[in-house]
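Labels below follow one simple rule: chain letters A, B, ... track the order of the sequence lines, proteins then strands, and each chain is numbered from 1.
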2 protein chains.
Amino acid sequence: MNRLLFRTTTIGALSKRTGVKIETIRYYEHIGIMPNPPRTEGGQRIYSESHTKRLTFICRSRELGFSIDEIRSLLKLVDGGEITCGEVLDKTLGHIEDIQKKIADLQRMERVLQEMASKCSGNDVPECPILEALSLGVQAIGDIPT
Amino acid sequence: MNRLLFRTTTIGALSKRTGVKIETIRYYEHIGIMPNPPRTEGGQRIYSESHTKRLTFICRSRELGFSIDEIRSLLKLVDGGEITCGEVLDKTLGHIEDIQKKIADLQRMERVLQEMASKCSGNDVPECPILEALSLGVQAIGDIPT
DNA sequence: ATGAACTCTGTAGTAGCTACAGGGTCAAGG
DNA sequence: CCTTGACCCTGTAGCTACTACAGAGTTCAT
């Protein structure tokens, strides 16, 4: 009951509020990006507003594709108190580049696959140009312009 | 010496020819997508042309983003002898859809990140709109149009 | 026969969780 | 007060697709 008076919650409630699974929250604690929260006498975790905020931060960063390590270093800036906007911007721009590379890779794949698919009749025939193409080796994919 | 007479190779040579690391070739054997090759008296693996072709197939499929499981089922079609072009096309089109989804996800991420970055001065200030945005929670990302 | 280069098996590590098993805790109702 | 059901605890193992060893054995030319 005192739990509600001080606006604290259990791990289950935190999980529901943030959409992060209980196991994942414990995992984040284990790897050190969520703090060890206080416990009840019985040993159950007690969370407060600041935990919710931090978990939301982590969760949203993950949704935007930041790796745990990137999040760790963002959090280090936050926790260190000596955040500068410039550092955060650097990391963000670096991350954007990574994403752009991934997009380019996937688009290249898609182009190749589309081309393969377009050559395929889709009939009941056993000769398949897709399988042919896949067996032909690497030179074909190397030639695709980026 | 008889190795060369029958156009067979060691795992190292196969690795060099295909660009697939030795450990990875053994791994593919372990998980059953490469066959157990014959061995020398001393127990070293002996590969022939058909192995090279199969490994190339796997390698190229991986480069195009097929998962091991997808490759496994493509290979099942190949090995079963009862391949039809249609089945292969189905799997390929399914895979293309997956890739398109991934691209869309990444583009959504990029848009959000770009917008966050554009609001950031990059100065030595401790107030950072990026960190703000990351703490704000999920509703902000939920509102982004796909 | 020796030595360099190669290969063998088996295990453990990577990222980022997820899914249990086998217990303990909490709070409400009887 | 006691039970009951919902919740929570720790610890370990699994997932994908490899990669990286250690410590031993093999191959082949000299």
Side-chain angles (χ1 to χ4, degrees), chain A residues 1-6 8-34 36-47 51 55 58-75 95 98 102 105 109, chain B residues 1-6 8-34 36-47 51 55 57-75 95 98 102 105:
Chain A
M1 268 291 124
N2 48 0
R3 196 171 276 160
L4 286 169
L5 286 172
F6 293 112
T8 59
T9 39
T10 62
I11 196 169
L14 179 63
S15 168
K16 256 174 208 152
R17 264 219 299 278
T18 57
V20 179
K21 294 200 177 168
I22 290 178
E23 286 94 343
T24 307
I25 298 174
R26 285 197 287 246
Y27 171 71
Y28 287 160
E29 181 184 326
H30 180 70
I31 62 170
I33 60 177
M34 281 293 285
N36 300 66
R39 308 272 187 139
T40 64
E41 279 184 24
Q44 307 199 349
R45 289 168 179 82
I46 304 170
Y47 292 102
H51 295 104
L55 185 54
I58 293 169
C59 173
R60 186 149 157 72
S61 302
R62 291 289 301 133
E63 283 168 0
L64 289 172
F66 284 101
S67 72
I68 296 285
D69 254 20
E70 286 168 328
I71 294 172
R72 210 188 291 273
S73 68
L74 282 175
L75 287 171
H95 182 52
D98 291 349
K102 277 186 198 164
D105 280 351
M109 286 181 201
Chain B
M1 267 292 121
N2 48 0
R3 196 172 275 162
L4 286 170
L5 286 171
F6 294 111
T8 57
T9 41
T10 62
I11 197 169
L14 179 62
S15 168
K16 256 174 209 154
R17 264 220 298 279
T18 57
V20 179
K21 295 200 177 166
I22 291 178
E23 286 93 344
T24 307
I25 298 174
R26 286 196 287 246
Y27 170 71
Y28 287 160
E29 181 184 327
H30 180 69
I31 62 169
I33 61 177
M34 283 292 285
N36 300 65
R39 306 273 188 140
T40 63
E41 278 183 24
Q44 307 200 348
R45 290 168 178 82
I46 304 170
Y47 292 102
H51 295 105
L55 185 54
F57 181 95
I58 294 169
C59 173
R60 188 150 155 71
S61 302
R62 290 289 301 131
E63 283 168 359
L64 289 172
F66 285 100
S67 72
I68 296 286
D69 253 21
E70 286 168 327
I71 294 173
R72 210 189 291 274
S73 68
L74 282 175
L75 286 171
H95 182 51
D98 291 350
K102 276 185 197 163
D105 279 351

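Distance A:Ile68 CD1 to C:dG16 P: 5 Å, rounded to the nearest Å. Distance, A:Glu70 CD to C:dA15 C1': 12 Å, rounded to whole Å. If you take CD of B:Glu63 and C1' of D:dA17, they are 15 Å apart, rounded to a whole angstrom. Straight-line distance from the CD1 atom of A:Ile31 to the P atom of C:dC17: 7 Å, rounded to whole Å.
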Verdict with supporting geometry, A:Ser61 and A:Ile71, side chain to side chain contact (heavy atoms under 4.5 Å, CB included): CA-CA 7 Å; A:Ser61 302; A:Ile71 294 172; 3.7 Å; yes
Derivation and outcome, side chain to side chain contact (heavy atoms under 4.5 Å, CB included), residues B:Arg39 and B:Arg45: CA-CA 5 Å; B:Arg39 306 273 188 140; B:Arg45 290 168 178 82; 3.4 Å; yes
Audit row: B:Tyr47, B:Arg17, side chain to side chain contact (heavy atoms under 4.5 Å, CB included) steps and yes/no: CA-CA 12 Å; B:Tyr47 292 102; B:Arg17 264 220 298 279; over 6 Å; no
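With values rounded to the nearest 0.5 angstrom, B:Arg62 atom CZ is found 10.0 Å from B:Thr24 atom OG1. Between the CD1 atom of B:Ile33 and the CG atom of B:Leu75 there is a distance of 6.5 Å, given to the nearest 0.5 Å.
Taking five base pairs at each end of the helix from C:dA1-D:dT30 to C:dG30-D:dC1 and finding the rotation axis that steps the C1' atoms of four pairs onto the next four gives two axes whose angle is 30°, to the nearest 10°.
A donor-acceptor contact shorter than 3.5 Å links the side chain of B:His95 to the backbone of B:Leu64.
Within the 4.5 Å cutoff, the side chain of A:Asp98 has heavy atoms near those of the A:Glu70 side chain.
Among the atoms of the strands shown, none is found under 4.0 Å from any heavy atom of B:Phe66.
Between A:Asp69 and A:Arg72, at least one side-chain N (NZ, or NE/NH1/NH2) sits under 4.0 Å from a carboxylate O, which counts as a salt bridge.
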Nucleotides 6-13 of chain C: protein proximity per nucleotide (B base, S sugar-phosphate only, - neither; heavy atom, under 4.0 Å): -SBB----
